[in-house]
Amino acid sequence: MSKQDFAMFSATETARLVKRKEISPVEVVESAIERVEAANGVLNVVILKGYEDARLTAQRLERRLLSGEPTGLMAGVPTLMKDLFSFKPGWANTLGGVKALRNFVPDFYSNFAHRMESADAIVIGKSNSATMGFAGTTDNKLFGPTKNPFNPALNSGGSSGGSAAVASLMVPLAEGSDAGGSIRIPSSWCGLVGYQPSFGVSPMVMRPNAFGATAPFIFEGPMARSVQDIALAMQVLSGKNVQDPYNTSCPVDFGAALLQSVEGMRIGLTLDFGVFPVDPQIRTQVEEASRAFTAAGAIVEPISLKLPYSAVELAELWCRMISAVTFGALTNLAENGFDLLGEHSDDLPDQLIAWVERAERMTLREIQSDQAMRTEVFDTLTAAFEHFDFICSPVTCCMPVPNADGGDTVGPNHLLETTLEPRIGWAMTFLTNLTGNPSAVLPTGLVAGLPVGLQLIGKRNRDVDLIAACAAFERARPWASIYAVPGKERHF
């Protein structure tokens, strides 16, 4: 079996073959490491290489297989964890390329690393992220930008942009976390499936503030090249965790959802939510791709959604909320000897500091006003779901943006004569971080050689229906060929 075979294997197929002892987890891991080494110099995806730990884990797994011991759902699957609020004992964490944290080594696990390793996946390294996750792009002052595998002059999206490794065939599956679109933006720009579950389905363990993942809602989810792999990963990541006060205890059978029919389900199509300026080629691509749901038996109809605020007002609401969360994280770091707002402020983007300082000055009246504003967004989407099972839309207003110098690539300030907030305001993803609805991104194909994603938003706690709709879309409009087109130059 060739190394190219390993590169194209899905997580599902890798685990199946490892369990059958048809391939060795040691060979799988070595092949993944070789692919990282071959492409990372171009793409800047992996910023911590945990190769020795990965090799030892693969060797232990092989011994267990040979002795006939049972193995987990993800047996032998190489994966990457995100360098943000994701932790593994003994591995440094820079919270998205903060120079002062280059030697910060936590002694505990976060949900993704713990559950993946418990299911016998093999974490081979950490992927690049935006600083503190505060951007829909991936760039920072320590490691620089992660580049798009379809055109390295452009950004991969963020903040989970290092998970572009999945599109470049380094690994079949990688971690994303999502406070405003951080799973879905890079999935769209790099041609991946990204899944942000209903709030509470995948545990978010946050300390010292266990309730800190609600304003906005913060999610953890997978990024992969197929819906089947998303379902497999969610089966591992979801489930009860008593350390998360919002974690839902009701189990979800994500695998069964792959075969569920979407016949007769109603999908409302909006190309702009009534307020966002969207590149015409993205609008055309998403509208055309939405017909795949019709082919699967669903009913697709235009929906007239008019959010009660402008795109920039909505994005600034998100910036105020996430900045309050960031302020809490920075305060905790300062109490542990890392003064990032003082001694090490040069490590942070100026815009991040400005937003955090603004959040710190907010009055109780202003906080209550923001929650009322958020409620209006919630009510708008809730009213739409009285008539539709899903809402379909573009993911971003713009195509991937060029990488900048200086460690702080951001999106556009203006598009189609409309002012935008540059960190997140050009993405239509942060709406579900205000409401808690599940949301997936599906590849629609390439436009001028670059991927364009379709966003599908579901009803809260109806993740099975959303996975079913994603699987139906993939069957009607498969996209696997975009990762390895014969004769087409790719950067992996």
Side-chain angles (χ1 to χ4, degrees), residues 136 178 180-181 184-185 188 194 196 198-199 216-217 219 262 264-294 298-318 321 370-398 415-421 424-442 444 452-462 465-466 469-470 473:
D178 193 311
R184 292 160 288 159
I185 296 167
S188 179
Q196 170 246 292
S198 295
F199 187 66
F217 288 123
F219 307 86
V262 295
M265 288 190 174
R266 297 173 61 85
I267 299 175
L269 172 64
T270 176
L271 298 176
D272 55 14
F273 289 94
V275 297
F276 289 94
V278 180
D279 185 319
Q281 59 188 342
I282 295 176
R283 295 174 70 101
T284 299
Q285 180 76 359
V286 169
E287 184 172 24
E288 191 275 328
S290 69
R291 296 171 191 157
F293 293 114
T294 304
I299 301 165
V300 180
E301 298 176 350
I303 180 174
S304 179
L305 271 177
K306 177 62 176 176
L307 291 168
Y309 300 95
S310 70
V312 73
E313 287 173 326
L314 290 166
E316 288 180 349
L317 166 66
W318 179 85
M321 286 188 166
D370 277 355
Q371 291 291 5
M373 185 176 174
R374 176 187 190 180
T375 299
E376 292 183 75
V377 176
F378 176 86
D379 288 345
T380 299
L381 292 191
T382 299
F385 281 117
E386 291 180 4
H387 305 285
F388 293 96
D389 298 292
F390 308 102
I391 296 172
C392 174
S393 78
V395 181
T396 62
C397 299
C398 60
L415 184 65
L416 302 178
E417 300 182 351
T418 300
T419 299
L420 293 171
E421 192 287 319
I424 194 71
W426 38 269
M428 289 166 278
T429 49
F430 62 89
L431 300 176
T432 62
N433 299 91
L434 301 177
T435 67
N437 293 76
S439 177
V441 167
L442 300 166
T444 68
V452 170
L454 174 151
Q455 179 173 228
L456 193 65
I457 302 171
K459 294 180 179 179
R460 283 172 295 127
N461 299 316
R462 296 296 295 271
D465 291 344
L466 183 55
C470 292
F473 182 93

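Fair warning: this is a prediction, and the values are worked out from it, not measured in the lab.
- Take Asp178 and apply the side chain to side chain donor-acceptor pair (under 3.5 Å) test, not counting sequence neighbours, and it matches Arg184, Asn433.
- Note that CD1 of Ile303 and CZ of Phe390 are 13.5 Å apart. Values are rounded to the nearest 0.5 Å.
- Considering only heavy atoms from C-beta on, Pro438 comes within 4.5 Å of Leu466 through its side chain.
- Contacts of Arg462 classified as salt bridge (charged side-chain N to carboxylate O under 4.0 Å, His left out), with partners at least two apart in sequence or in another chain: Asp465.
- Atoms SG and CG, from Cys470 and Leu442 in turn, are 4.5 Å apart once rounded to the nearest 0.5 Å.
- To the nearest 0.5 angstrom, Asn461 atom CG is 5.0 Å from Ser198 atom OG.
- The two residues Trp318 and Pro216 come nearest to each other via the heavy atoms NE1-CG, 3.8 Å.
- In this structure, the separation between CZ on Phe388 and CG on Leu381 is 12.5 Å, given to the nearest 0.5 Å.
- With rounding to the nearest 0.5 Å, the separation of OG1 in Thr432 from CZ in Phe219 is 5.5 Å.
- Residues satisfying the salt bridge (charged side-chain N to carboxylate O under 4.0 Å, His left out) test with Glu301, not counting sequence neighbours, are Arg266.
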Stepwise side chain to side chain contact (heavy atoms under 4.5 Å, CB included) check, Thr294 with Val300 | CA-CA 6 Å; Thr294 304; Val300 180; 3.6 Å; yes
Between Ile391 and Phe273, is a side chain to side chain contact (heavy atoms under 4.5 Å, CB included) present by the stated rule, with each step listed?
-> CA-CA 10 Å; Ile391 296 172; Phe273 289 94; 4.2 Å; yes
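- With sequence neighbours excluded, no residue forms a side chain to side chain donor-acceptor pair (under 3.5 Å) with Thr380.
- Although no hydrogens or angles enter the test, the distance criterion places a donor-acceptor pair under 3.5 Å between the side chain of Gln196 and the main chain of Asn437.
- For the side chain to side chain donor-acceptor pair (under 3.5 Å) test, residues two or more places apart in sequence or in another chain that qualify with Ser393 are Gln455.
- Interatomic distance, Ile457 CD1 to Leu431 CG, rounded to the nearest 0.5 Å: 6.5 Å.
- Among pairs with a residue in residues 385-397, those fulfilling salt bridge (Lys or Arg N to Asp or Glu O under 4.0 Å) read Asp389-Lys459, at least two apart in sequence or across chains.
- The side chain to side chain donor-acceptor pair (under 3.5 Å) analysis of residues 277-290, with sequence neighbours excluded, yields the pairs Asp272-Arg283, Asp279-Gln281, Gln285-Thr444, Glu288-Arg477.
- Partners of Tyr309 according to the side-chain contact (heavy atoms from CB on, under 4.5 Å) rule, which considers only residues two or more places apart in sequence or in another chain, are Glu313, Leu314, Met373, Glu376.
- Both cation-pi conditions hold for Arg374 and Phe217: the charged atom is under 6.0 angstrom from the six-membered ring centre and inside a 45 degree cone around its axis.
- Qualifying ring-ring contact (aromatic ring centres under 6.0 Å, His included) partners for Phe473, counting only residues two or more places apart in sequence or in other chains: Phe293.
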